[in-house]
Every structure is written in C-alpha cells, then in structure tokens.
J.: 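Supplied in structure tokens, the structure appears directly below.
The structure displayed is predicted, hence computed values, not measured ones.
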Amino acid sequence: MLLDPKIPPGPIEKKWEDYKFHMKLVNPANKRKYKIIVVGTGLAGSSASASLAELGYNVHTFTWQDSPRRAHSIAAQGGINAAKNYTNDGDSVQRLFYDTVKGGDFRAREANVYRLAQVSVNIIDQCVAAGVPFARDYGGLLENRSFGGTQVSRTFYARGQTGQQLLLSAYQSMMRQVGLGNVKLHTRREMLDVVVIDGKARGIIVRNLITGQMERHEADAVIMATGGYGRVFYLSTNAMGCNVTATWRAHKRGAYFANPCYTQIHPTCIPVTGSHQSKLTLMSESLRNDGRVWVPKKAGDKRAPETIPENERYYFLEERYPSFGNLVPRDVASRNAKDVCDKGMGVGGSGLAVYLDFADAIKRVGEPKIKEKYGNLFDMYFRITDENPYKTPMRIYPAVHYTMGGLWVDYNLQSSIPGLHVLGEANFSDHGANRLGASALMQGLADGYFIIPHTIGNYLAGANLPKVTPDHAAFKDAEATQRDMVNKLLAVKGKRPAIEFHRELGKIMWDKCGMARTEKSLKEALVEIPKLRERFWKDVNVLGGAGDLNQNLEEAGRIADFLEFGELLVYDALNREESCGGHFREEHATPDGEAQRDDENFCYVAAWEWKGTGKLPELHKEMLTFENVHLTQRSYK
Amino acid sequence: MNFTLRVWRQRNAADPGAFQEYQAKDILADMSFLEMLDEVNIDLVHKNQEPIAFESDCREGICGTCCQMIDGEAHGPETGTTVCQLFMRSFKDGETIVIEPWRARAFPIMKDLIVDRTAFDDIIAAGGFVTANVGGAQDGNNILIPKPDADTAMDAAQCIGCGACVAACPNASAMLFVAAKVSHLAHLPQGRPEKARRALAMVSKMDGLGFGNCRNHYECEAACPKEISVAHIAKMNREYGSAALLSDQDPSS
C-alpha cells in the first residue's frame, strides 16, 4: 500500500502558510474541553506541553524520569541551526533546506524539511525571549559557529551546553503552565501501551514506577515525544534510560515504523576502553571547527602524537574532501575514520581511534579562546581519559548517536493511528538517512513550539471524538496485556541479569548492522537475534516484585522490546539494497568508497506494519519526490 | 582494584534502612563509579540478591540524575564532578567506601540511594521562568546583551538541579539552587520585567517546602558539580531585598 503524506498543494515556499490558513481552528473557549496527553519531556515534549497549554488545552504530561528536566536533550552540546544569516555569509531558508535534504542523502520529505528551515528563525527568537543565555559577541549580538555538511555559520550555541539551556528553557515554560494548573505533570510514569478506540488513539497505559500500579489515562489526542532507539546497540551516546518501549508498543498497536535502519554513527566520541563500559561519551562536532583530524601515515606508528612530524601525518578528511575538510557530514567523517583504522593507521591501545588535534588552533588564537569555546568539553575529556587535550590531541572514534528512523508521520506529524502524533527524534520525518549536526535541537523545538500547536487543532476540530472513560473495554484489555507482560518477566526466574542480554544484542547489532552492513552479516543477525530473544525469555532473572519501585523490572521490559525491535531494524537494512547516509551497504559503494544510492528502486520511505511476534512485518511505501532539490550524487570533495 | 562498599539499603520510604557491606572485586581504574556499581549489581543478581537501587541517566555529568554521598561528600571526593563522572582512579585499592543517599527533609528517600527531588520542580513552577508565550517573540538580535551579562547568566544557568548543594549544606538549604535561577534570569533583559515577582515567589516556595536557611557555610559551592559561585546568592539576596522593599505585590499572585 502506498502511504499518503498529506503534503499540502502549492509551491514549497507557500505550503505551510497556506495550509495554516486553511486548517480548522478550535475556538479559544473550547480548547479547555480537549484533553491532550504528551508522553516525554525532552525538547519536543516540553515545548509541545508548554505551547499547547498556553493555547488553553488541558494537557497531561508524562515522563518516566523523576523530573522533566532530566530528558536526554539536555546532553546535546554543540548548538542549534537557524537560517538567520546574521553572519552575512549567504545563508537563507532555501540554503538550510538544501543542505538538510542533501545532508540526508535525499531520503527526507522535502515539504517537511522546508517547513523546518522556515520556522528555524522563530525558534531562536523564542528561545532568546525565554531567557536562553546564547553566546554573544562584545557588541551584544548573537554569535554563530559552523557545523558539518554546510559552508555557512548558522549554529547558535550556549558554550558546550546548548541542549541543556534549550531544554531548561522549554522545561521552565512548561513548569510555568504546571504552576498555572494548565499542565498536569505525571513523573515516574512509564508509558507501556496506547489505547485505540474506534480506530483512534484515545489514551495510554502507564506504570507508576513508585507503586508499580498500572494507570489508565484517557484523552482526545496523544502526542509521543519519546526519543530515539540508539540503545538497541547497547553502547551509544544515549542516556542509560533511553529506550524504544513507547514507540515499539505504539507500533504493536498499529503505528508504522519508518526507516529503522537509518542510524547515525557520530564521528567524534571518546573510544571504547573495555567491556565494563556502560555508555560512550560524545565530543561535540563543533570541535571540528578548530580541531584537525589525522592519523600517522605509517600503519602501526606508536610514537607519541606530538613527536610525529607534519609530513608523516595523514589529515585524511582535509585531503579527501578539500571543500568541506574536517566539516564533512557525520556519516562521511565516521566512514573515513573506520576506513583508516581498518587500514591499520588507527591509534591508541585498540587501534580504533583517530586524533582530533587542537595544536594549530591553540597556536592561532591562544589557549584562553579555545577554553572559552570548548572548556567544558575539554574538562570532560580530561576527566574520562586522564589526558590533557590542551597538550596532546584527543583520541576519538565513531559511536552510535542518533536515530533518523522512527514512527511514520504525515505532514501533520500524525502517525498511521489517527490521533497519535509523534514529535522529535521519535518520528522519522526530517533528516532522511543522515542528520546534520545541530539539527536535532532545531527539529525538536520546531515540532513542539511551532508545528503541533497548529496541526493538532486541525485534527481535534475535524474529528468525531465521543467521550471515553477509563473503564472502556479497550483500556481494560490494554492494562491486562501489560500486567501479563510484567508477570511474565518476573516468572522466568532464570539465572542471568537482563543487562547481559542487552550487551549481547548490542554486539550483534554493532558487528552485523553497524557502520558497514552486508547481505551476509544482516542475514546472520536475523538468525542470531531471535535465538537471543528466546534465551532471554528462558534465562533472565528479574528480581523484586511488581508492586514497588523495581529498576530491574523496568530495565528488563525495555530490553525485551529492544530484542524485538532490533530484528525489525536489521530486516529494514536488508530490504534497502542501496547505501544512503548512515545506512552503508558494502555491496553498494562508488569506486571511491562513497555511498551509492539507487534512486530508481529505493527513493521511498519504508514504513513497516507489525504483524505479530515471529511474523514478517508488512512493507508500506511512501514515495519521495524531489521537485526543488534535484537528486544528485552527494559530493563534499 | 578491590573495594569494600558500605551501602545504605532501604526498601521504601517507610523502612528505617541500614548499611550493608558488599565487595567490589576486579575493578579497573578507568571505570566510572557507577560502572563499578553496575558490576556489583550484576554480581548480586547472579547471587539471586536484589541489586542496589540508584539513579543515573546521561552519565556525562549534565542531566543531574545521579546523586550519592560518597564518604560523606556529595558526588564524592573530586571537585566539579558528578558521581557519573567520578572514576575509580580517584580511590585507593583496598579502600572502604561509604555510599549514602542525599539526606534532607525536602528530599525524602524512596529506596536505597534514590531520593525524591520534586521540591526543585515545585520551586521552578513557582517562578523560575520568563513569561514568554510562543508566538510573540521579536528578532533575537533586537535587544543587545553585553557579553559579560550573557556570560554571568550562563555561569548561573549551568545548574543541573542535582541537589548536591542541599545535601552538602548543614541546614539542607536550597539557596544556591534558587539563587542560580534568580541570578540567571535577572542578568538578562528578557528576565527583568518579572524579576521582583520571581525572587519573592521562588523564595517563598523554597521556605514552604522544608529547606533550611542559609548560614553562609558555602558547602554548597564546594559540592556543586558545576562550580556555581555563592556570589549568585548575594545577587539573589539583593534581588529579594529590593523586591520585598519596593514591591507591594503579593508573591503568590
């Protein structure tokens, strides 16, 4: 079946404005009568909760964390893009749109990307108004820096803590609405199911993580902003609690999962040191503004980096991509780092690292300037590695960072279940097969502040929504299903902690479906994952009970979902017989090793429908058309 | 490396709780403190014993979730560090390490090392924001902000809301947390229209939630993983003082 993205008619510059005018509105006095559930309190969830409450809707917001301020948006370091052209270097909405479509390797939906570029300018204004302390120059104007995949400086930042400052600002706006009684905040509640009545999303089942009780919450519409699924690889830059559970459970109720194989491997992370490691730490891409990436020319060269003379160093990004240099997009930078390491030029104990060197920048502008720009990142690097990056180059290696795939949504950000809307990293829509740096923060706030407040009104005003109560049979069924799942986990009483299965799954995913994938490796993964899942359900040991705070149980439930979801990710990667962005199939490469797309056969979004455990999912296609940015082989040379 | 851990175990809020001893064996210097606890927990599950409940999320020192008193110090012995960014190379092989939850009346213990810090959210909801509805913002460059002001605002805004300041304070005062937000927003032109109202409302909420008073011990600054300066408390006191003197508005309105 072909999916209809519901893109409005008209020229791309006019679509959003025209569409907003033609949308149905909910009268201000009637908004209070509509109850909207928002799941997740990252940038997208907090900003949506705040702006919907400002409009007058009755908002109920849920997070599994102890406070909405903890969401992982907080860890974003480098910045947020906006087409302001404050730097007079030729930026425009058109250019941000073009860079994003090209950066995504022509696998994003043009109309969504254009809208994102349009509202990007409003996001900066809104954030300044709400008190975000962006970096400023001595004249008091906003500062910018550059990120990968672009040739302009359009990234706004607050030291190395931009995500923190944007999240806290959205959080504060939401907490203001909590204080005013317009948002009811439910913390320490984990969403386990979507309740669908008469084909529409009408509520959720959550587990109260303190008491263990299942709770039913009904609503007129449900918004999910529950983040990405990077932890299917176990090791990633994601937080410990990031999970696929909410989106996976929604998928099992009928929401299509789109492009799960588009996963972003970030080039600049602190390398893995041992099996005990619980997560990997990102060093912001903004460092590539001033840091130069290199390896020794001679394979196996063990000399200290400072002692290797200039002519024996291989600045592989600068040499291979002279136009973009160290600021090529993430997928390109990661693949090249892997390539030089595969050729034996990698550094550090494992040989799986390259240098990111600031010596030239420090010589040019002085240590204090570098400290001002990146001080907290350098401190973090020092703390983790016990090495001083002001004196010796950082060692970095690619790591799983962001997931471009997610629940399929149309132009309204509505999933294939009417009334279920999906925002931020949890949806699939704007980044194609590779996200450009500093665009995740932009998308989260665009969705929450500027898009969903319009499109949800259009949905509510046009939908027939008879009152439902939590004693409806669909709520009872959903609650019983989730209660059974909990009891089933506790009943296994095997020998091994859940985390050990997670580590095994991560290894399969990274080795067979990581930076490079082949038909053979993917087929092996499709055999290994179901076997691992079977072992999990025979041998996992979940201690404690269902009726109180039980972190073991929470973790095991999330890992059980990863064990199902991982299979879908691999299946999607196998289906996509081409290379594009973060999805690199070794069989499909250009002679010089770049990703080789197959536009004739794969210029579509793969949206998968759940058909039951152990059954093959059904593929639905949304065909992609490129009327404004023409399909070309990406080149950053 | 090997360690003896004395860890606070408490089943739930009603349970009196007690210390229990555990052995952490074959620990690497490059492990973080929480990775060391992960290994202890894996070992406990293999022995069919319920693991130690503790919270963490980002594990890169920015989300503020992790919170442990280690040998009597909030976030452990290193300065400017959260527990998740504390590495075992900071400890001596064979050492005994005492691990407790934050202890403050306003942060009730929920289980083992997990406490309830909802009080911080309540303080923010009372006034820790700029009233700026979406839709009406002017261009971000229309109001110039002197760089020193933007930088000072950022220094204060770095607070991660972990509660170490409260845990370290002999009076369990939340002054540094509140001051950081008051000072951040008072240094920016966008935050000034409601600065008096904000200072009054946040302080009044803080007082009502069971936090103690500030007696200038400055333990908060020493424990703060973001090294937020007590100078912001002085700024808050100025804001509060002038608000109380000059404003006749009821902070709760």
J.: Name the region of Gln126(A), side chain, backbone, both or neither, that has any atom closer than 4.5 Å to a heavy atom of chain B.
T.: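 Both backbone and side chain of Gln126(A) come within 4.5 Å of chain B.
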J.: Of the backbone (N, CA, C, O) and the side chain (C-beta and beyond), which part of Gln49(B) lies under 4.5 Å from a heavy atom of chain A, both, or neither?
T.: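 Only the backbone of Gln49(B) comes within 4.5 Å of chain A.
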J.: Give the member of Asp151(B), Thr152(B), Asp30(B) that has the highest number of heavy-atom pairs under 4.5 Å with chain A.
T.: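 The candidate making the most pairs under 4.5 Å is Asp151(B).
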J.: What part of Thr237(A) lies closer than 4.5 angstrom to a heavy atom of chain B: side chain, backbone, both or neither?
T.: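 Looking at Thr237(A), just its backbone touches chain B.
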J.: Quick one: of Arg496(A), Arg188(A), Met380(A), who has the most non-hydrogen atom pairs under 4.5 Å with chain B?
T.: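 Sorted descending by pairs with chain B, the first entry is Arg188(A).
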J.: Begin from the C-alpha positions of Asp66(A) and Arg117(B) and carry the test salt bridge (Lys or Arg N to Asp or Glu O under 4.0 Å) through to its verdict.
T.: CA-CA 7 Å; Asp66(A) 69 321; Arg117(B) 286 167 289 183; 3.4 Å; yes
J.: Given heavy-atom pairs under 4.5 angstrom as the criterion, report whether the side chain, backbone, both or neither of Leu34(B) touches chain A.
T.: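 Neither the backbone nor the side chain of Leu34(B) comes within 4.5 Å of chain A.
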J.: I'd like to know which of Asn141(B), Leu188(B), Thr65(B), Leu144(B) tops the heavy-atom pair count under 4.5 Å against chain A.
T.: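 Looking at each option in turn, the highest pair count goes to Asn141(B).
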J.: Using non-hydrogen atoms only, which part of Asp137(A) is less than 4.5 Å away from chain B: side chain, backbone, both, or neither?
T.: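 Looking at Asp137(A), just its backbone touches chain B.
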J.: Do you know which of His276(A), Lys84(A), Glu143(A), Met175(A) has the most heavy-atom pairs under 4.5 Å to chain B?
T.: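 The candidate making the most pairs under 4.5 Å is His276(A).
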J.: At a heavy-atom separation under 4.5 Å, does Asn12(B) approach chain A through its side chain, its backbone, both, or neither?
T.: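 No part of Asn12(B) comes within 4.5 Å of chain A.
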J.: Please state whether the rings of His232(B) and His187(B) are parallel, tilted or perpendicular, taking 30° and 60° as the class boundaries.
T.: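 The rings of His232(B) and His187(B) stand perpendicular, inter-plane angle above 60°.
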